[in-house]
Novice: 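The structure is given below, and queries will be raised subsequently.
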2 protein chains.
Amino acid sequence: MPESSGAELALLLLGGFRSMVDTVQQELAERGHGGVRPVHEFALRAIGAGADTASDLGRRLTVSKQAAAKTIAFLEANDYVRRESDPDDARRKRLRITPRGDELLTVGQALFNDVRAQWGQQIGIEELEMLEAQLAKLVDPGHPRLSIPGWLASELGESVS
Amino acid sequence: MPESSGAELALLLLGGFRSMVDTVQQELAERGHGGVRPVHEFALRAIGAGADTASDLGRRLTVSKQAAAKTIAFLEANDYVRRESDPDDARRKRLRITPRGDELLTVGQALFNDVRAQWGQQIGIEELEMLEAQLAKLVDPGHPRLSIPGWLASELGESVS
DNA sequence: GCAGATGGTTAACCAGGTTGTCTATCTGGG
DNA sequence: CCCAGATAGACAACCTGGTTAACCATCTGC
C-alpha cells in the first residue's frame, strides 16, 4: 500500500493542529502574552461562556476540579481572571475575566483566524471550507469522551462579548 | 461568524487526530497490546526506519535523548525492542525490533488504515484523498515534529491504569 | 595521545493531569 | 429546627512525559 496510510493521515492532522497552535502561541508571546498556552485560552473561553467557578470549569472541560483550579491559578497569577467571593454562597469564588483576559481572547481569536486565512490563501478558501466541512462530518459523530467538540465547540463559536 | 473560526479549525484537526488515535489504541489493547500509546508506536516506527540508538531516536523524534531513553525503556520492558551492545562501538546499545514489535507495527498500521477506510466510507474516498492532499500542502514537511507536547500527551494517555 | 564530541545513565525538576482527604458551607427532609 | 448529605474549594501525594544538568565511558581527528 502506497503513500496513503492511516498513520500518515493521523500525523497530518496532528501536524496541522500543532502548526496552528504553535504559530498562535508564538504571536501571542510577541504581544505580551508569553507563557499562555492553548489550554489557558480554551479555559478562559469556557469561563467567558459561563463557567464561573472552579468546579464548574472542571465540569465543562471534563477535567477534575483540582485540575481546573490549577489552570485558574495560572490565569489569576497572570491577571487574566479575578476570583471574588460570592455574596450568595460563601463557599464559592466567582470567576471574572479581567480586561487583560478579554484582550487575550480577542487577540487569540484574531490570531487563529489569521492562520486560517493564511491557509485559505495557500489552498483556496473554498477548498479550506470543504476541508472543514468534511472534518466536521468525521469528528462530530462524537467519540465517547471529550472528543473536544462536545465541550468546546459551542463556546468557541461565540465571542466572549 | 462562529461558523469558520480558526480556533474551531484547530479543534477539528485535534479532534480528528484524537479520534483516530483513540480508536487504534483501544483496538490495540484488545489485541494484546494494552498500554501502548501512539508515541510508542511512532517511536517503534522510527526505530524500524533506522534509528538504532537512543540518541538517534531522540533526534528523529526531536526529543531529548533522555526522553527517548524513557520511551525505549517502555518498549524494552514490553518486549517490543531489544538492546544489544554494538561490537563496533562500546558506547552504543543497538536497538532491534523484536518479533512482537514487528507484530505491533503491522497491527497498528492495519488499524490506522482501517480507521482511514472507515472515514473514506463516511465522506467518500476521493474527498478523503483530497483532504489529505490539502493537509499535506499546509503542513510544513520540513517541520514534521512527531513530538507531542506535554499538555497534549496527557490527553493521549490512558486513564485506565 | 589527547581534546573534544558522542552515547548512555542518573537525578532533579516542571507541567498538567489524577485520586484521596479535609474543611466550610449550603440545602432539604424529618 | 436540625442534622445528613451534597457541594466548593484547598492541599497533598502521585503519575506521566517531557526538560536540563552533570557525569562517565568511549570513540575520533588533529
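Every heavy atom of this structure was used, including side-chain atoms; hydrogens, water molecules and symmetry mates were not. Reminder, nothing fancy here: chain letters follow the sequence lines and each chain counts from 1. Quantities reported herein were computed from a predicted structural model and do not represent experimental measurements.
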Novice: Looking at C:dT19, I'd like to know if its phosphate oxygens (OP1 or OP2) sit under 4.0 Å from a side-chain N or O belonging to A:Ser64.
Specialist: no
Novice: To the nearest Å, give me how far apart NE2 (B:His40) and P (D:dT16) are.
Specialist: 10 Å
Novice: How far apart are the C-alpha atoms of B:Leu135 and B:Leu13, what are their side-chain angles, what is the distance that settles it, and do they pass the side-chain contact (heavy atoms from CB on, under 4.5 Å) test?
Specialist: CA-CA 10 Å; B:Leu135 225 35; B:Leu13 293 166; 4.0 Å; yes
Novice: In this structure, how many angstroms lie between the P atom of D:dT7 and the CG atom of A:Leu57, rounded?
Specialist: 18 Å
Novice: Between B:Thr53 and A:Thr71, which is nearer to the 5' end of DNA chain C once each is assigned its nearest nucleotide?
Specialist: B:Thr53
Novice: Do the side chains of B:Gln122 and A:Gln134 get nearer than 4.5 Å, heavy atoms only?
Specialist: no
Novice: Between C1' on D:dC11 and CD1 on A:Ile72, what's the gap in Å once rounded to a whole number?
Specialist: 16 Å
Novice: Rounded to whole Å, please give me the gap between CZ in A:Phe74 and P in C:dG17.
Specialist: 12 Å
Novice: Side chain of B:Lys70: nearest nucleotide among C:dA12, C:dT18, C:dG7?
Specialist: C:dA12
Novice: Base of C:dG20, side chain of A:Gln66 - is there a donor-acceptor contact under 3.5 Å?
Specialist: yes
Novice: Show, in sequence, the C-alpha distance, side-chain angles and deciding distance for B:Glu41 and B:Gln109, and conclude whether the side-chain contact (heavy atoms from CB on, under 4.5 Å) test is met.
Specialist: CA-CA 9 Å; B:Glu41 211 192 312; B:Gln109 187 106 24; 5.5 Å; no
Novice: Give a yes/no answer on whether the side chain of B:Arg83 brings an N or O atom under 4.0 Å of OP1 or OP2 in C:dT9.
Specialist: yes
Novice: Report yes if a donor N or O on one partner sits less than 3.5 Å from an acceptor N or O on the other, where the partners are the side chain of B:Lys93 and the base of C:dG7; otherwise report no.
Specialist: no
Novice: Answer yes or no: does a side-chain N or O of A:Arg59 lie under 4.0 Å from OP1 or OP2 of D:dT7?
Specialist: no
Novice: How long is the line joining CG of B:Leu61 and C1' of D:dT19, in whole Å?
Specialist: 15 Å
